[in-house]
Asker: 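One structure follows; several queries about it will come next.
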Amino acid sequence: MDEFSFIKSIKQQFYRQSTLVKGIGDDAAVFRQPFSDIVTSVDTFVENIHFRKDTMKPFHVGYRALTANISDIAAMGATPAFYLVSIVIPTTWCDAEIDDVFRGMHTLASNYKMDLIGGDTVSGSELTISITVIGYARKGSICYRHNARDGDIVFATGTLGDSQAGYYILTNPGDYMDADYYIRSHQMPEPQVNFASYFHHFSRVAINDISDGIGNEAAEICAESNVSMILEDEQIPISDNYHQFLPELQYKWKYFGGEDFQLLGTISANDWPKLKKVADSIHIRLTRIGRVFTEDNQHNVYLKKNGRKYLLPKKGYTHLK
Ligand code: ADP
Ligand code: MG
């Protein structure tokens, strides 16, 4: 397929966002927004670094790449509206596969009323997808990492370690309980956009999305807020059949596995019961996993396990090491 017909094939039939003035089809896209703060981020997804063709179908590659981007917008307490896709296509990927990559993105995007408004298409040696997402937030209501304060409650949504468990099942075939659930958590994780849309009701929430594992994410909040945290091992939310995996794998995945795209956050002890109520009302699992403190004058993350206190290392996945 030539570039022209390719772009025609990925262009939406209609747009959902009323603020859009011009989508695909000119030198740049245009949208108009007088009332909100505009939130934007970019993320890149590379074959054999972020995903492998044997554990993800092309549809999942697209779905999963856009999830990571939307999740960053949710982690600011914002709502995603637009995305732009820059894609490098190698000859090892056929037209039907690339079509499926975009179908994966379109499927997720339509769930959140997002529009694809532009991008760039080039050929190259490795499938690389770089997505820019644009979202909106109420003025002044962004959930910065620097928002944590002494005495706050630390919370997490969903359950942790499931994406890595799914990857493990895909690469170590065998008999597992809830295999489909874990595989889906790896291939089609859901960004926490709905829950994030309620944060503006609270005066101060710090949020990080769990892309690298809570070891890293908690450390980033602590560094930006100049606080420490203590997490309780028994409180870390895990799925019903998580105990079927070896204890060292359970530990590794839930603290350092990442890619669950759940949210880790802090909120004042006063506001915690109200946040919990919100989560219950929209059927989001929300767990109190620790607290923020400043007595040690550090910005460390501690883990309380079997009555003892450890420093939790930040060994999530880091590039360019
Ligand atoms: P230009 O030559 O002006 O850079 P292109 O021919 O690259 O324009 O793109 C034409 C239109 O198609 C633009 O609106 C651009 O944003 C859009 N487009 C190109 N590639 C993609 C893509 N991978 N995803 C979404 N939109 C794309
Ligand atoms: Mg141009």
Asker: Is a salt bridge present between Glu232 and Arg291, judged by a nitrogen-to-oxygen distance below 4.0 Å?
Answerer: no

Asker: For the backbone of Ser5 and the side chain of Asp2, can you confirm whether one donor and one acceptor N or O come within less than 3.5 Å of each other?
Answerer: yes

Asker: Is there a side chain to side chain contact (heavy atoms under 4.5 Å, CB included) between Ile117 and Leu20 once you walk through the steps?
Answerer: CA-CA 9 Å; Ile117 59 169; Leu20 188 67; 3.6 Å; yes

Asker: If only atom types and distance count, is the side chain of Thr121 paired as donor or acceptor with the main-chain N or O of Ile87 below 3.5 Å?
Answerer: no

Asker: Mind checking the CE-CD spacing from Met229 to Glu217? Nearest 0.5 Å is all I need.
Answerer: 10.5 Å

Asker: Please report the C-alpha distance between Glu234 and Lys305 in whole Å, then the side-chain angles of each, then the deciding distance to 0.1 Å, and finally whether the salt bridge (charged side-chain N to carboxylate O under 4.0 Å, His left out) criterion is met.
Answerer: CA-CA 7 Å; Glu234 299 92 80; Lys305 197 172 178 204; over 6 Å; no

Asker: Decide whether Gln187 and Tyr167 meet the rule of one side-chain donor and one side-chain acceptor closer than 3.5 Å.
Answerer: no

Asker: With ring centroids as reference points, do Phe195 and Phe199 lie under 6.0 angstrom apart?
Answerer: yes

Asker: By the salt bridge (charged side-chain N to carboxylate O under 4.0 Å, His left out) test, which pairs, at least two apart or in different chains, include something from residues 160-173?
Answerer: none

Asker: Mind checking whether Tyr182 and Phe245 have ring centres under 6.0 Å apart?
Answerer: yes

Asker: For His60 and Lys57, indicate whether the former's side chain and the latter's backbone hold a donor-acceptor pair under 3.5 Å.
Answerer: yes

Asker: Quick check: Phe45 with Phe51 (ring centres under 6.0 Å apart)?
Answerer: yes

Asker: Looking only at atom types and distance, does a side-chain atom of Thr40 sit under 3.5 Å from a main-chain N or O of Val133, one as donor and one as acceptor?
Answerer: yes

Asker: Does Ile153 form a side chain to side chain contact (heavy atoms under 4.5 Å, CB included) with Ile289? I'd like the steps, not just the answer.
Answerer: CA-CA 8 Å; Ile153 304 283; Ile289 61 170; over 6 Å; no

Asker: Check for a donor-acceptor pair, side chain of Gln12 on one end and backbone N or O of Leu116 on the other, with a separation under 3.5 Å.
Answerer: yes

Asker: Exactly one of Val39, Ile38, Asp37 should register a side chain to side chain contact (heavy atoms under 4.5 Å, CB included) with Tyr136. Which one does?
Answerer: Ile38

Asker: Holding to side-chain hydrogen bond (donor to acceptor under 3.5 Å, both in side chains), I want the full list of residues that pass it with Arg138, two or more places apart in sequence or in another chain.
Answerer: none

Asker: Could you give the distance from CG (Leu264) to CD1 (Ile210), rounded to the nearest 0.5 Å?
Answerer: 5.0 Å

Asker: Would you please test Asn241 and Asp178 for side-chain hydrogen bond (donor to acceptor under 3.5 Å, both in side chains) and show each step?
Answerer: CA-CA 7 Å; Asn241 284 313; Asp178 296 337; 2.8 Å; yes

Asker: Work out which heavy atom in Ser211 is nearest to a heavy atom in Phe261; give both atom names and the distance.
Answerer: CB-CE2, 3.8 Å

Asker: Can you confirm whether Ile207 sits close enough to Tyr144 that some side-chain heavy atom of one is under 4.5 Å from a side-chain heavy atom of the other?
Answerer: no

Asker: With a 3.5 Å distance limit and no angle check, can you tell me whether Asn172 reaches the backbone of Tyr168 through a side-chain donor-acceptor pair?
Answerer: yes

Asker: Verify, without hydrogens or angle tests, whether Gln17 (side chain) and Tyr15 (backbone) share a donor-acceptor contact under 3.5 angstrom.
Answerer: no

Asker: Can we say Lys276 and Asp280 salt-bridge, meaning some charged N sits less than 4.0 Å from an Asp/Glu carboxylate O?
Answerer: yes

Asker: Is Ser228 reaching over with its side chain to a backbone N or O of Asn300, donor-acceptor style, under 3.5 angstrom?
Answerer: yes

Asker: Where do His186 and Pro189 come nearest, in terms of heavy atoms and distance?
Answerer: O-CD, 3.7 Å

Asker: Evaluate side chain to side chain contact (heavy atoms under 4.5 Å, CB included) for Phe59 paired with Met188, printing each intermediate quantity in order.
Answerer: CA-CA 9 Å; Phe59 179 92; Met188 297 176 69; 4.0 Å; yes

Asker: Compare all side-chain heavy atoms of Val227 with those of Phe293 and state whether any distance is below 4.5 angstrom.
Answerer: no

Asker: Is the Tyr302-Tyr310 ring centre distance short of 6.0 angstrom?
Answerer: no

Asker: Please report the interatomic distance CG(Asp27) to NZ(Lys22), rounded to the nearest 0.5 Å.
Answerer: 10.5 Å

Asker: Are the side chain of Gln244 and the backbone N or O of Tyr176 linked by a donor-acceptor pair below 3.5 Å?
Answerer: no

Asker: Show me the pairs that pass salt bridge (charged side-chain N to carboxylate O under 4.0 Å, His left out) and involve residues 110-120, at least two apart or across chains.
Answerer: Arg16-Asp115

Asker: With a 3.5 Å cut-off and no angle check, do the side chains of Thr44 and Ser130 form a donor-acceptor pair?
Answerer: yes

Asker: With a 6.0 Å cut-off on ring centres, are Tyr251 and Phe256 close enough?
Answerer: yes

Asker: Is there a side chain to side chain contact (heavy atoms under 4.5 Å, CB included) between Ile129 and Val88? Walk through the geometry before answering.
Answerer: CA-CA 7 Å; Ile129 305 172; Val88 179; over 6 Å; no

Asker: Would a hydrophobic clustering, with Ile, Leu, Val, Met, Phe, Trp and Tyr connected at side-chain separations under 4.5 Å, put Leu286 with Tyr198?
Answerer: yes

Asker: How many angstroms lie between CG in Asp150 and OG1 in Thr294, if you round to the nearest 0.5 Å?
Answerer: 3.5 Å

Asker: With the 4.5 Å side-chain cut-off for hydrophobic clustering, are Leu66 and Trp93 part of the same group?
Answerer: yes

Asker: Measure the CG-CD1 distance between Asp152 and Ile267 for me, rounded to the nearest 0.5 Å.
Answerer: 8.0 Å

Asker: Can any side-chain N or O of Ser225 pair as donor or acceptor with the backbone N or O of Ala148 at less than 3.5 Å?
Answerer: yes

Asker: Quick check: is Leu108 connected to Ile73 through a chain of hydrophobic side chains (ILVMFWY, heavy atoms under 4.5 Å apart)?
Answerer: yes

Asker: To check you understand the geometry: which heavy-atom pair defines the closest contact between Asp72 and Ser41, and what is its length?
Answerer: CB-OG, 3.7 Å

Asker: Looking at Asn48, I want to see if its CG is surrounded by more than 12 non-hydrogen atoms of other residues, nucleotides or ligands under 6.0 Å.
Answerer: yes

Asker: So which heavy atom on Thr287 is nearest to which on Gln235, and how close?
Answerer: CG2-O, 3.3 Å

Asker: For the hydrophobic clusters of this structure (ILVMFWY residues joined by side-chain heavy atoms under 4.5 Å, transitively), does one cluster hold both Met1 and Leu127?
Answerer: yes

Asker: With hydrophobic residues grouped by side-chain heavy-atom distances under 4.5 Å, do Met76 and Val42 end up in a single group?
Answerer: no

Asker: Check Ser36 against Ala137 and note the closest heavy-atom contact, atom names and distance.
Answerer: CB-O, 3.3 Å

Asker: For residues Ala269 and Gly151, report the shortest heavy-atom separation together with the two atoms involved.
Answerer: CB-O, 4.2 Å

Asker: Determine whether the aromatic ring centres of Phe102 and Phe6 lie less than 6.0 Å apart.
Answerer: yes

Asker: Hey, are Lys254 and Asp260 close enough for a salt bridge, meaning a charged N less than 4.0 Å from a carboxylate O?
Answerer: no

Asker: I need the single residue from Glu97, Glu47, Glu126 that forms a salt bridge (Lys or Arg N to Asp or Glu O under 4.0 Å) with Lys53. Which is it?
Answerer: Glu97

Asker: Quick one about Asp233 and Tyr255 (side-chain donor to acceptor, distance below 3.5 Å, no hydrogens or angles considered), yes or no?
Answerer: yes

Asker: How many angstroms lie between atom NZ of Lys304 and atom CD1 of Ile230, to the nearest 0.5 angstrom?
Answerer: 6.0 Å

Asker: Taking atom CZ of Arg204 as the centre, report whether more than 12 heavy atoms of other residues, nucleotides or ligands fall under 6.0 Å from it.
Answerer: yes

